[in-house]
Amino acid sequence: MSQDNSILSLLNIKDENIEISQVENQIRYVGGEKRIIKVLHGRLTYRLTRCPQCGFRSIVKNGTRLTKLRVTSLTGQETRLHLRKQRYLCRNCGQTCGAHTPIVTPNHSITNQVRIRINELARNSLTAEMIAKLVGVSPTSVQRTIYTGRKAFLEHRRLPKILCFDEFRSVHSTFSFICIDAQTHNLVTLLPDRLTKHIVDYFLNQYSLAERQAVEAVTMDLNAQYQHFIHRIFPNAEIIIDRFHIVQLAGRALDQARLAILHELSDHRCRHYKMLKSQWRLFHRNESQLNSQRKQFKRGLNEYLTDQEVVDTITDQFPDFKRVYTSYQTILHAIQEGDTAALKALINHYQPIQSEMDTVISTFRKNWQGIKNACCYQYSNGPLEGIIRKIKQLKRGCFGFKNLAHLFIRIKLIHA
């Protein structure tokens with residue numbers, strides 16, 4: 001009995017009515033592949049005094065029934081428990097019944113431990129086929145375990161004070177709306193599309209005016225669609241533009257100015273072309289972090305130069321690029337340090353130079369309040385971008401989804 005207890009303890013089976021009689025290895029061929037399966041032979045029996053149907057004390061044992069259960073394994077080897085369950089016969093009503101164990105749902109062959117293991121692996125963005133190989137069940141059983149009894153859409157829950165808005169590509173090249181709590185990073189809602197009407201209707205119907213008035217801020221990217229209806233839904237909310245998207249927009253303008261110079265230079269072997277081509281990362285770095293003392297070998301240039309010398313050489317040669325570079329550095333410094341005065345001065349005194357930076361400054365003027373709040377508040381869309389990154393990884397691993405409900409269930413499992 002002590003050996004039986006040790007085996008059951010290793011498998012985390014806590015039913016004292018199960019006795020293990022034999023452990024063996026069996027060879028099976030699945031799809032032409034040879035597999036060695038660990039098989040445990042056991043017996044489930046206990047004393048039953050009354051009939052579950054009529055309640056009389058007329059129960060006698062009536063043989064056993066073999067049930068093949070999938071159980072978890074410590075070594076990763078596929079493990080089965082061939083359990084002979086005791087059958088009982090009532091001499092009064094003639095009904096039969098069998099012994100039950102809490103490790104498995106009645107009339108099922110997949111134990112509760114395996115179901116828990118399937119859900120844990122699903123949270124790691126694994127595909128159904130990969131999970132099936134790891135736990136030793138079929139992909140159909142994995143899908144049934146994951147999707148049965150779960151709701152795709154989130155239930156009504158308390159509305160947080162700080163929200164994050166964004167969208168992601170879901171199924172059939174459509175975009176779905178996602179909202180999370182900026183403080184706890186918990187999912188608030190998932191909507192099938194990002195249409196303004198559906199987003200507005202959801203929040204107006206699900207939450208009262210008092211709940212919506214309690215929302216203090218909403219973080220988002222530079223998508224103008226959300227800004228049009230934010231104050232309609234949340235009258236007291238501040239709009240916070242994500243800092244990453246602000247710097248990214250300015251960085252793209254800097255890259256456009258750099259590429260314009262590269263297209264104008266006909267000599268691809270000249271020193272300036274090589275600097276702009278191979279050392280482009282230096283122009284995106286904060287000016288205070290540029291090395292101005294130690295010379296390093298610059299690949300692509302085959303020279304020993306400091307970072308500051310590379311930047312100064314290009315900005316001295318191309319005055320228009322210097323203005324774009326200076327504007328970018330001002331934006332980068334203001335966002336990192338929270339200097340709204342410097343950013344406001346740049347927007348007010350900026351002179352157009354027929355470059356992409358003109359569009360950036362114009363966008364900043366239109367969204368000034370949200371950009372100002374980005375410097376004043378610590379909240380951002382970073383946690384939401386991380387969730388979207390996991391969603392992309394899930395879709396890539398599963399080769400996309402056709403069923404939107406299944407995708408939403410997997411997203412909820414990942415974020416559980």
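Along the sequence shown, the residues carry numbers beginning at 1. Please read these numbers as outputs of a predicted model, since none were measured by experiment. Only heavy atoms go into these numbers, but all of them, side chains included; no hydrogens, no water, no symmetry mates.
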Query raised in the report: With a 6.0 Å cut-off on ring centres, are Tyr328 and Phe283 close enough?
Result: no

Report task. Using the side-chain contact (heavy atoms from CB on, under 4.5 Å) rule, take Ile261 and Asp320 through it: C-alpha gap first, then chi angles, then the decisive distance, then the call. Result -> CA-CA 10 Å; Ile261 298 175; Asp320 289 343; over 6 Å; no

Does anything in [range] pair up under ring pair (Phe, Tyr, Trp, His ring centres under 6.0 Å), and if so which pairs, sequence neighbours excluded?
range: residues 356-409; result: Tyr147-His406, Phe153-Phe408
range: residues 116-144; result: none
range: residues 241-270; result: His268-Tyr273

Under a 3.5 Å threshold, yes or no: a donor from one side chain and an acceptor from the other, between [X] and [Y]?
X: Asp358; Y: Tyr350; result: yes
X: Glu238; Y: Asn373; result: yes
X: Glu385; Y: Asn381; result: no
X: Asn286; Y: Gln336; result: yes
X: Asn367; Y: Gln227; result: yes
X: Thr174; Y: Arg169; result: no
X: Gln113; Y: Thr72; result: yes
X: Thr330; Y: Ser327; result: no
X: Gln296; Y: Thr306; result: no

Query raised in the report: Hey, does the side chain of Asp181 reach the backbone of Pro160 with a donor-acceptor pair shorter than 3.5 angstrom?
Result: no

Query raised in the report: Got a sec, which residues hit side chain to side chain contact (heavy atoms under 4.5 Å, CB included) with Lys61, two or more places apart in sequence or on another chain?
Result: Thr45, Gln86, Tyr88

Using 0.5 Å steps for rounding, measure from the [atom1] atom of [X] to the [atom2] atom of [Y].
X: Leu121; Y: Thr127; atom1: CG; atom2: OG1; result: 10.5 Å
X: Leu394; Y: Ile414; atom1: CG; atom2: CD1; result: 4.0 Å
X: Leu8; Y: Ile18; atom1: CG; atom2: CD1; result: 6.5 Å
X: Asp242; Y: Gln248; atom1: CG; atom2: CD; result: 9.0 Å
X: Leu126; Y: Lys133; atom1: CG; atom2: NZ; result: 12.0 Å
X: Ile178; Y: Cys164; atom1: CD1; atom2: SG; result: 10.0 Å

Query raised in the report: Mind checking whether Phe177 and Phe203 have parallel, tilted or perpendicular rings, split at 30° and 60°?
Result: perpendicular

Report task. For the residue pair Trp280 and His284, categorise the inter-ring angle as parallel (less than 30°), tilted (30 to 60°) or perpendicular (more than 60°). Result -> perpendicular

Are there over 12 heavy-atom neighbours, none belonging to [X], within less than 6.0 Å of that residue's [atom1]?
X: Glu129; atom1: CD; answer: no
X: Asn107; atom1: CG; answer: no
X: Arg232; atom1: CZ; answer: no
X: Arg35; atom1: CZ; answer: yes
X: Glu24; atom1: CD; answer: yes
X: Gln22; atom1: CD; answer: yes
X: Phe175; atom1: CZ; answer: yes
X: Lys395; atom1: NZ; answer: yes

Query raised in the report: So, are Asp307 and Lys298 salt-bridged, with charged N and O less than 4.0 Å apart?
Result: yes

Requested in this report: May I ask you to say whether Arg252 pairs ionically with Asp255, meaning some side-chain N is under 4.0 Å from a carboxylate O?
Outcome: no

**Report entry** Residues that Glu303 engages under side chain to side chain donor-acceptor pair (under 3.5 Å), provided they are two or more places apart
**Finding:** Arg271

**Report entry** Ser176 side chain reached by Leu191 side chain, heavy atoms, under 4.5 Å
**Finding:** no

Requested in this report: Decide side-chain contact (heavy atoms from CB on, under 4.5 Å) for His272 and Thr313; before the verdict, give the C-alpha distance in whole Å, the side-chain angles of both, and the deciding distance to 0.1 Å.
Outcome: CA-CA 8 Å; His272 297 131; Thr313 301; 3.9 Å; yes

Query raised in the report: So which pairs with a foot in residues 321-343 pass salt bridge (charged side-chain N to carboxylate O under 4.0 Å, His left out), sequence neighbours left out?
Result: none

